[in-house]
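Beneath this line is the structure, given in structure tokens, with notes to follow.
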2 protein chains.
Amino acid sequence: MYHEIADQLIQAITNGQFTSKLPTEAKLMARFGVSRNTIRRAIDVVYQQGLLRRVQGSGYYINHVQLNSEHAVNLSVGAGKPLIKNAHHPTSEIVTFDKATAGTIALAKQFNVEPDAEVYRVIRLRYMDGAVYALEESYYLTSVVPFLSTDSINSSIFDFLAETFNVTVVASDDYMSMTTLESDQANLMGLEPGDQRLTLAQMNYTKNNTLFNFSKAIYADAKMSFYFHSAHLSSN
Amino acid sequence: MYHEIADQLIQAITNGQFTSKLPTEAKLMARFGVSRNTIRRAIDVVYQQGLLRRVQGSGYYINHVQLNSEHAVNLSVGAGKPLIKNAHHPTSEIVTFDKATAGTIALAKQFNVEPDAEVYRVIRLRYMDGAVYALEESYYLTSVVPFLSTDSINSSIFDFLAETFNVTVVASDDYMSMTTLESDQANLMGLEPGDQRLTLAQMNYTKNNTLFNFSKAIYADAKMSFYFHSAHLSSN
DNA sequence: TTTCATTTGTCCGTATGTATC
DNA sequence: CGATACATACGGACAAATGAA
């Protein structure tokens, strides 16, 4: 219930339906026909995504977050679904698509993933408007994701997982760092070996905080910036 | 109320008082003498810091987050209070401490801070075990922080602000990027001009989401990594 | 400055649903 | 299957901040 209401509120905000303030809790209660606690729970969700400022005695004000950098990734919107601002024509080219065992994968060892775990491996170049913007290696545990096809990874993979296996991201751990490009990585991205680029490693968890996906993405644009919003539960 | 309980729970977890599971909600209700809603609210706070996994029908399990990198910053603990793992002997050396107008500061313009706003400016080198680990420029709006002394910035500045002006961080916006060092920056840090390093820009908000501090820190260690945890409100 | 209605923040009790064991 | 434990929702009460009268 409150999840659906939260989604609708978020849509209403991004659609520009509410420009400066949210309706009062009382009005939202009437509109959705639910109790105050439920409305407040929904608002909590929206607030945590950084879309709202809340002022006791006054109301909920819409936050117009400004990602000044042209190429910016918003990490606080949805765990596991980084959003590029002005993401036009996102395409990707698959470099590798196979199965592997976690024990043989450096990234998996780094995150202490069970070595025996079997995973789908997807390595791909991501393009934006025809230009490479990231080299990404991602892994999906077959224990949670029993089947994966080239079709499903070419379309929105998280949508596919939600529809097919009822797997959604509930929590995620993000690690930002800087890596020096190996020659093969540099070649794929059209950069020079030894160049340094921002790297985002990510662990995604589903219901009951079961790990189902982990990935590492190297971003081609040296001027890329990553945005993250952090909000405490209440404002007082 | 639930804030205090959350703090106590967090302490109990970090103290190792609870190693694998939290007591049940019923037991926590009895222990703290509060209602279930209040306990759950407190648990929400703990959960959002990534310290818990919650499993319906089973209980709350403690998450032993592992920051593998030796030098890692945890951005999800407390907004505005990045924690360095194994932070031994943190000291700092003040490079600049004066007042300025936001309009004259590049960082302020970047974040659309009111140009007329007066700010305290603190530029300093931060040391860990005697070695430079960051060059930080931070600004405090005098409208919220009317007074700042060298004493107060040498000790824990956020503690000082909480005690003196009742100013605490309620929300923050973080921007991670990579910057190329200017010669003066490189000199201060003992690095080469042209070197690239991770940079964290941060906006900190207090009650009612009033901006009171913004800062930019360049980290000396090329292998530094930044951790961030993101959790949805419920696990289902 | 004071008062007062509005609006959000906190807390309580209760009931029912759903996952786990 | 039953007991336990977390998830969701409702309704009510009072506190605290805001803003206008």
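Source: prediction; values computed, not measured.
Nearer the 5' end of DNA chain D, as judged by each residue's closest nucleotide, is the contact made by L22(B), out of N37(B) and L22(B). Nearest-nucleotide assignment on DNA chain D puts the 5′-proximal partner with A26(B), out of A26(B) and G33(A). For the pair E4(B) and Y61(B), both in contact range of DNA chain C, the more 5′-proximal nearest nucleotide belongs to E4(B).
Here the P atom of nucleotide dT8(D) and the CZ atom of R54(B) are 8 Å apart, to the nearest Å. Per the geometry, CZ belonging to R53(A) stands 14 Å off C1' belonging to dT8(C), to the nearest Å. Look at CD on E25(B): it is 11 Å from P on dT8(D), rounded to the nearest Å. In this structure, the CE atom of M29(A) is 14 Å from the C1' atom of dT6(C), given to the nearest Å. In this structure, D44(A) atom CG and dT8(C) atom P are separated by 13 Å, rounded to whole Å. What separates CZ of F32(B) from C1' of dT10(C) is a distance of 17 Å, to the nearest Å.
Residues Q202(B) and S172(B) have side chains that never bring a donor and an acceptor to within less than 3.5 angstrom of each other.
Within the structure, every side-chain polar atom (N or O) of R40(B) is placed at least 4.0 Å from both OP1 and OP2 of dC6(D). Phosphate contact (OP1/OP2 of dC10(D), side-chain N/O of S35(A), threshold under 4.0 Å): present. Not one side-chain nitrogen or oxygen of T24(B) sits closer than 4.0 Å to the OP1 or OP2 atom of dT4(D). An OP1 or OP2 oxygen of dA19(C) is reached within less than 4.0 angstrom by no side-chain nitrogen or oxygen of S58(B). For dA7(D), one of the phosphate oxygens OP1 or OP2 lies less than 4.0 angstrom from a side-chain nitrogen or oxygen of Y60(B).
Side chain of D173(B) to backbone of H229(A): no donor-acceptor contact under 3.5 angstrom is found.
On a pure distance criterion of 3.5 Å, a polar donor-acceptor pair joins the side chain of R36(B) and the base of dA7(D). Counting atom types as modelled, Q56(B) pairs a side-chain N or O with a base atom of dG17(C) as donor and acceptor under 3.5 Å.
Taking the ring-ring contact (aromatic ring centres under 6.0 Å, His included) definition, one finds that F228(B) meets it with F228(A), sequence neighbours left out.
For the pair Y139(A) and V113(A), the minimum side-chain heavy-atom distance is 4.5 Å or more.
Pairs engaging residues 24-40 of chain B under the salt bridge (Lys or Arg N to Asp or Glu O under 4.0 Å) rule: E25(B)-R36(B), E25(B)-R40(B) [sequence neighbours left out].
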